[in-house]
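Along the sequence shown, the residues carry numbers beginning at 1.
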Amino acid sequence: MQITDDLNKLLNILPEEIRLPLEQHPQLSKLIEVVMDVGRLPEARFPGTAEYLSQTPVSKADLIHCIERVGHFSGDNRAGIEQTLHRISAMRNRAGEVIGLTCRVGRAVFGTIGMIRDLVETGQSILMLGRPGVGKTTALREIARVLADELNKRVVIIDTSNEIAGDGDIPHPAIGRARRMQVSRPELQHHVMIEAVENHMPEVIVIDEIGTELEAQAARTIAERGVQLVGTAHGNQIENLIKNPTLADLIGGIQAVTLGDEEARRRGSQKTVLERKAPPTFEIAVEMLERERWVVHEQVAETVDNLLRGRQPNPQTRTVSETGKVTITRELPSVPAPPPSRSVTPVRGNTGWRASGQMMPVPVLREVGDLSEEKYFEQLLDASLHQPSGFGRMQLDDADDFGGTAGPNGEDLPLHVYPYAVSRHQLEQVIRVLNLPVVLTKDIDGADAILALRSHIKNQSKLRHISKARHLPIYTIKSSSIPQITRALRRLLDMDDPSSPDVAELSLFAHNGSEDEIEALEEARLAVEQIVIPKGQPVELLPRSAKVRKMQHELVEHYRLKSSSFGEEPNRRLRIYPA
């Protein structure tokens, strides 16, 4: 990691009897803050310890010496030093006079978001939670720079306390090409958030310390306009937001619902329960427990639902070693163990694919022997669900086995691909699951081909010029969806045959690999392979949640078929059409 702290500029505002001991201190590079209170000894704070810098108590003259050398104190009693990230906070007495200062060191740390870079690239809104001093603002600053400079997005920072981009009119270089909007008074922060969207056409809004109900409502308005949000909020964990009525809207809001007798018995709960009111403003939440250990909730809606129903969520725990290696673990197994067998009889209770109705082709059923197509399809689904192995995994040798073979244009395998504006996380997932002989590279000089998003490549004449000069083929896709990426990589390897689509690998399309997701995807796969393609009949699937329907849509797209959602919640479902 690279650290920039401009520490000399902070030391220069301190009185000489405080500055000199600090300049000679062996832990100067780890200094967190300097505390100066009238009538008390000046104190320097380091990680895990604090030391007095002088045996002479701080006087009002010392405080005036500092105040004259910093910027204007705003309504939240904070000031800064121009073009630095340092923060000077004032304590006042009842008469409004400054009687104490906290001079906090601001550091720009480059490389802090390696743990969640894949999440930042997805375009989903991210909420950062954590105690003061754990590095939330530092992470925000780095996320803004990466989005603006490396992903070429239009980023606007709402900088209420000038803590993200520093004091003064010129923002600190640590935010890269991102733009910064300052807030004249802290209570107007929500107005500036809306103004940023309406006036400056951002793709990403970065906001620090969402703390009021108006700011939470402004965040929801911004998210509903299709703008990616990256922000922090007061609280250590998602449970803190659930219990905080002011900020609960960030994770969907909480409401009391009265259940009917039958539903209460089915759930085994009381008749009045708490439920999530709406989709969360932030799809992803990151709990920053320590600087090198973060807990990631990839599906905030699912986490909140589990907590409200008394279940234990299963988030990712991401840690980074001293060498920069990121390790991802889960406390609980991500995929529940399948039951040993399944019978043809309907499943009882609230689990299983038959719990919410029957699936059938849209036209009138024709009898096939003694069984209707409906019963025949049920038996197919039953037979497939108790198979112990994975569904249709494409069998390929390991990448190491391709060393002596050549790619479609004579390249040595594995094929080195340079991705441009395509989700690296999705690419790595497809390569890993399908075991393709492909390596992603950040060095265009060592690439065999370029895989780019079609909408982004049109305006990139420089990239087209480089590919032409180096004879690199450019393959484009419409979107960073699993089917598009899978088809493109198979086309790169000369493995794609449009006349006979490959068998779908369901784990590619499942987000968590849960039993319900696999059942829904297997239902869609069988509908396509057993009814839609061979018989040319449209099929309606069972009602599913919006998240699961999206997976089913992607699976149908994999077969080069069309599908649409229809009906009202909670009975909204997919209809698959023949080609």
Please tell me if the side chains of Q228 and I205 come closer than 4.5 Å, counting only heavy atoms from C-beta onward. no
Answer yes if the side chains of Q182 and N162 hold a donor-acceptor pair under 3.5 Å, and no otherwise. yes
Quick check: are there more than 12 heavy atoms from other residues, nucleotides or ligands sitting under 6.0 Å from CD of E568? no
Could you tell me whether K243 and E239 make a salt bridge, using a distance below 4.0 angstrom between a side-chain N and a carboxylate O? no
Other residues, nucleotides, ligands: >12 heavy atoms within 6.0 Å of R179 CZ: no
Is Q316 reaching over with its side chain to a backbone N or O of H297, donor-acceptor style, under 3.5 angstrom? no
Does any donor atom in the side chain of D208 or S161 lie under 3.5 Å from an acceptor atom in the other side chain? no
No-hydrogen, no-angle side-chain donor-acceptor test under 3.5 Å, S563 and H553: yes
Any L451 side-chain heavy atom under 4.5 Å of L489 side chain: yes
State, without any angle test, whether S74 and D76 hold a side-chain donor-acceptor pair at a distance under 3.5 Å. yes
Could you tell me whether E298 and K547 have a side-chain N and a carboxylate O separated by less than 4.0 Å? no
Answer yes or no on whether R575 is positioned over the face of F566, meaning its NZ or CZ is under 6.0 Å from the six-membered ring centre and within 45° of the axis. yes
Charged N to carboxylate O under 4.0 angstrom, E82 versus K9? no
With the threshold set at 4.0 Å, does a side-chain nitrogen-carboxylate oxygen contact exist between R573 and E540? yes
For the residue pair I284 and T122, establish whether any side-chain heavy-atom pair is separated by less than 4.5 Å. yes
How about CE on M91, more than 12 heavy atoms from neighbouring residues, nucleotides or ligands closer than 6.0 Å, or not? no
Is the CD1 atom of I170 crowded by more than 12 outside heavy atoms at less than 6.0 Å? no
Can you find a side-chain donor-acceptor pair between E557 and Q484 that sits under 3.5 Å? yes
R117/E121 ion pair, N-O < 4.0 Å: yes
If you measure only the distance, is there a donor-acceptor pair under 3.5 Å linking the side chains of R92 and N77? yes
With heavy-atom distances below 4.5 Å as the criterion, would you say the side chains of L10 and N8 are in contact? no
Whether the side chain of R87 engages the backbone of V105 through a donor-acceptor N/O pair (distance < 3.5 Å, no angle test) should be reported. no
